[in-house]
Amino acid sequence: MPPLARSTDALSQLAQITQLPDALEFPIPNRPSCLHYAGPFVDGGVREVVPFPWEQLDGRPLVYGSMGTLQNGSEHVFQSIAEACSALDAQLVLSMGGNREPSELGSLPGNPLVVRYAPQLDIVKRASAVVTHAGLNTVLESLAEGVPLVDIPQGNDQPGVAARIAHHKAGVVVPLRKLSVKGLRTAIDAVLRQDMYRAAAKQLQAAMRQVNGLEIASNVIEKSLGLGLSSAANMSPEAALNRPA
């Protein structure tokens, strides 16, 4: 096999499908013709019902904080988020991501509502800002509701996702190595108060609503593999019966 000069050389030249929305991408010249932006893939209908104490929401602007389900941060990240929000006129809801208990954090400044796992899609619909690790799923679910973000990326693709959010001015990035209560409070306050962040998030929301990601992805796959309706119509009855599902 020939040596690979770049990591992207190992990607398929037949078709590459990403759930990153085109509207959220950087302006990249000479994009490969086989690269297809099909995002977002958000389907609330497949989510399990998660109990949540809705009666404890007090009507203040809602800040939702989540560090995801895999790399969900450490105690000091959640504590910093809580302390940053304690001086703001907002109510904080913290989700532990399903694999940690709220009791592990002890007493937090501002008395935020801390749950083991949250019905994220329903919470985001009510939120004024989302503080997240910049995992793509949480970012897309937030932007699908036009909610601006404060991103604290921790690893993997998260710094790249956060950089795209900052580029489109739909949120503020706070690097983990520079995390401080003061800096985080400034970032959250800016996202809550400055209209430009919500306006940018709403613009991305509108662009994403124009895209049927699952339909794009299925069409690309069928076309790339010659499995479209036109190819099926030209098959013999025997071939059609034996066609892979």
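By convention here, the first residue in the shown sequence is residue 1.
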Pairs of donor and acceptor atoms involving the side chains of residues 190-202, under 3.5 Å and at least two apart or interchain, shall be tabulated with distances.
from   : atom 1 : to     : atom 2 : distance (Å)
Arg193 : NE     : Asp189 : OD1    : 2.6
Arg193 : NE     : Asp189 : OD2    : 3.4
Arg198 : NH1    : Gly146 : O      : 3.4
Arg198 : NH2    : Ser128 : O      : 2.6

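Contacts classified as ring-ring contact (aromatic ring centres under 6.0 Å, His included) and involving residues 199-221 (residues at least two apart or in different chains) are not found. Counting only residues at least two apart or in different chains, ring-ring contact (aromatic ring centres under 6.0 Å, His included) contacts with residues 13-34 comprise Phe26-His167. Sorted pairs that involve residues 82-104 and meet ring-ring contact (aromatic ring centres under 6.0 Å, His included), not counting sequence neighbours, are lacking altogether. Listed by first then second residue, pairs satisfying salt bridge (Lys or Arg N to Asp or Glu O under 4.0 Å) with a partner in residues 136-150 read Arg47-Glu141, Lys125-Glu145, not counting sequence neighbours. Legend: salt bridge (Lys or Arg N to Asp or Glu O under 4.0 Å) pairs involving residues 156-185, not counting sequence neighbours, sorted by first then second residue: Glu25-Arg164.
A heavy-atom distance below 4.5 Å is not found between the side chains of Val150 and Thr132. Between Pro112 and Val93, the closest side-chain pair of non-hydrogen atoms is not below 4.5 Å. Counting heavy atoms from C-beta outward, Leu227 and Ile221 have side chains that stay 4.5 Å or more apart.
The hydrophobic cluster containing Val173, built from Ile/Leu/Val/Met/Phe/Trp/Tyr side-chain heavy atoms closer than 4.5 Å, comprises no other residue. Grouped by direct or indirect side-chain proximity (heavy atoms under 4.5 Å, Ile/Leu/Val/Met/Phe/Trp/Tyr only), Val50 sits with Tyr117.
Taking Tyr37 as the reference, nothing meets the ring pair (Phe, Tyr, Trp, His ring centres under 6.0 Å) condition, with sequence neighbours excluded. In terms of the side-chain hydrogen bond (donor to acceptor under 3.5 Å, both in side chains) criterion, Arg126 has no residue partners (sequence neighbours excluded). Not a single side-chain hydrogen bond (donor to acceptor under 3.5 Å, both in side chains) links Glu83 to another residue, sequence neighbours left out. Under the rule for a side-chain contact (heavy atoms from CB on, under 4.5 Å), the partners of Pro53 that lie at least two apart in sequence or sit in another chain are Glu55, Gln56, Leu113, Val115.
For Gln16, the CD atom is densely surrounded, since the number of other residues' heavy atoms within 6.0 Å is greater than 12.
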